[in-house]
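Structure first, then comments.
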Amino acid sequence: MKTYIIRFMTAVPALASSLLLSVPAPGQTNTQSAKAQASPATLGRTADGQPDVRGVWVTVHYGMGCLSNPATGVGCVPEDTGRGNRQPPAKAPSRIIDTPDGEIPYQAWAREREKYLLANFFEPTKPEFIDPQQRCLPLGAVRQLTWHDVQILQYPGYVILEHEGTHMFRLIPLDGRPHAGQNIKLWMGDSRGHWEGNTLVVDVTNNNSKGRLSRAGDFASDKVHIVEHFKFLDGDTLQYEALFDDPSVYTKPWTFGFDMKRGFFGEENPNGADDKHYEQWEEACYEGMNSELDGALRTNAAGK
């Protein structure tokens, strides 16, 4: 079975002819604690002078069902997602990192909208109730980072985020070009980046508002402006933060943040604990997938 990374790289030559790519790009963090600054000497440099952060990265705490506690399921309902003897923690750091109550500062109508989507999650009667993940659709620039792992590729003037989940990828130009026209709306938005030391700052606009921030119905509009900071604290540690500014939905800007680390696979990797030989696998996702877990949660929700 061919992996997606192989299929993607076979497409790069066509892409390179239009983007003039040449060759040559490593994270974990603690968003809730010290905001340490990495020394530039801790990371190598690519041929065009970018901090070399190439490789596979994963979230320290996985989960998309509840932003305030990613260790729980949809609507913050506890669920058993352990595999073998690897049990998830009872509590994981909130992805909402700068509001006093740990909640998204929705306007009143938007809070009711989020509750409405959550209430209809398990028994959807309209397309709007179906989370994009259940239809194998893109999850949006920020949420996509919390789903499976992401491989960072670097080329002169570009950073590419290649996601295993749904096989999405983002091209981030670093040359200061303007955003696409406002009438162009995209699942993953339109990204423009630059480096500030060892921090990759990405400006994201042109959201199509079809994605969500969690399976519980958290959302932004097509007017949202997102500023991401990928803070590479060293070669294995990444602190990710995304500032959401959307006056049509929120009462004030707020920050979505979480920790990422380099994807060392240890005993699961026959080549040892590194990512040099790692390849992304095909995600055999198909629309309409159902699971025993969702069925159990539906029963649990109905009993409350």
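Along the sequence shown, residues are numbered consecutively beginning with 1.
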Taking the side chain as C-beta and beyond, is there a heavy-atom pair between K223 and S248 under 4.5 Å? yes

With a 4.5 Å limit on heavy-atom distance, are the side chains of E241 and I97 in contact? yes

Here the pair of heavy atoms bringing P156 nearest to D48 is CA-OD2, 3.1 Å

Side chains of S209 and D222: do they bring a donor and an acceptor to under 3.5 Å? no

Honestly curious: do I96 and Y250 fall in one hydrophobic cluster under the side-chain, below-4.5 Å linking rule? yes

With clusters defined by side-chain heavy atoms of hydrophobic residues (ILVMFWY) lying less than 4.5 Å apart, directly or transitively, does L243 cluster with Y240? no

On a heavy-atom basis, which atom in S68 and which in C76 lie closest, and how many Å separate them? OG-SG, 3.7 Å

Does any part of the side chain of F232, heavy atoms only, come nearer than 4.5 Å to the side chain of T199, both counted from C-beta? no

Find the distance between CG (L153) and CD (Q151) and round it off to the nearest 0.5 Å. 5.0 Å

Under a single-linkage definition using a 4.5 Å side-chain heavy-atom cutoff for Ile, Leu, Val, Met, Phe, Trp and Tyr, are L200 and F244 assigned to the same hydrophobic cluster? yes

Check: L174 and V159 side chains under 4.5 Å, non-hydrogen atoms: yes

Q107, CD atom: more than 12 neighbouring heavy atoms under 6.0 Å: yes

Any heavy-atom pair between the side chains of T59 and W147 that's under 4.5 Å? no

Does R215 use its side chain to pair, donor to acceptor, with the backbone of Q134 at less than 3.5 Å? no

So, the side chain of T251 versus the backbone of P105: is there a donor-acceptor pair under 3.5 Å, distance only? yes

Give a yes-or-no answer on whether the side chains of T46 and D52 include a donor-acceptor pair shorter than 3.5 Å. no

Please assess R212 against E114 for the test salt bridge (Lys or Arg N to Asp or Glu O under 4.0 Å), listing each intermediate value before the final yes or no. CA-CA 10 Å; R212 296 183 187 171; E114 184 271 333; over 6 Å; no

I'd like to check D203 versus H225 (side-chain heavy atoms, cut-off strictly below 4.5 Å). Are they in contact? yes

Measuring from N208:CG to M188:CE, what's the distance to the nearest 0.5 Å? 10.5 Å

ILVMFWY cluster, W195 and I172 together (side-chain gap under 4.5 Å): yes

Apply side chain to side chain contact (heavy atoms under 4.5 Å, CB included) to the pair I160 and I152, showing each step before the final yes or no. CA-CA 6 Å; I160 298 176; I152 297 179; over 6 Å; no

Quick check for you: to the nearest 0.5 Å, what is the distance between H148 atom NE2 and E164 atom CD? 6.0 Å

Locate the shortest heavy-atom distance separating Q144 from L139; write the atom from each residue and the value. OE1-N, 3.0 Å

Within the 3.5 Å criterion, strictly below it, is a donor on D175 or Y158 matched to an acceptor on the partner's side chain? no

Mind checking whether V142 and V150 sit in one hydrophobic cluster, side chains of I, L, V, M, F, W, Y counted as touching below 4.5 Å? yes

Do Y106 and F219 have their ring centres less than 6.0 Å from each other? yes

Under 3.5 Å: donor-acceptor pair, side chain of Q50, backbone of Y155: yes

Check C66 against T72 and note the closest heavy-atom contact, atom names and distance. CB-OG1, 3.4 Å

H179 and D190: side chain donor to acceptor below 3.5 Å: yes

Between the main-chain N or O of L213 and the side-chain N or O of D218, is there a donor-acceptor pair closer than 3.5 Å? no

List the atom of W187, the atom of G211, and the distance in Å for their closest heavy-atom pair. CZ3-N, 3.8 Å

Could you tell me if the side chain of I226 sits less than 4.5 Å from the side chain of F256, heavy atoms only? no

Correct closest heavy-atom pair for A141 and V204 would be CB-CG1, 4.4 Å

Between OG1 of T99 and NZ of K252, what distance do you get to the nearest 0.5 Å? 6.5 Å

Whether the side chain of D245 engages the backbone of P253 through a donor-acceptor N/O pair (distance < 3.5 Å, no angle test) should be reported. no

Stepwise side chain to side chain contact (heavy atoms under 4.5 Å, CB included) test for R111 and R113: CA-CA 5 Å; R111 173 63 68 188; R113 170 73 177 171; over 6 Å; no

Side chains of F258 and T146: does their closest heavy-atom pair fall under 4.5 Å? yes

Between F129 and F121, is the ring centre distance below 6.0 Å? no

Can any side-chain N or O of R170 pair as donor or acceptor with the backbone N or O of E162 at less than 3.5 Å? no

Look only at the side chain of D259 and the backbone of H61, and say whether a donor-acceptor pair between them is shorter than 3.5 Å. no

What distance do I130 atom CD1 and L117 atom CG have between them, rounded to the nearest 0.5 Å? 12.0 Å

Look up atom NE2 in H229 and atom OG1 in T255, then write down how far apart they are to the nearest 0.5 Å. 9.5 Å

Surrounding NZ of K210 (heavy atoms of other residues, nucleotides or ligands, distance under 6.0 Å), is the total greater than 12? no

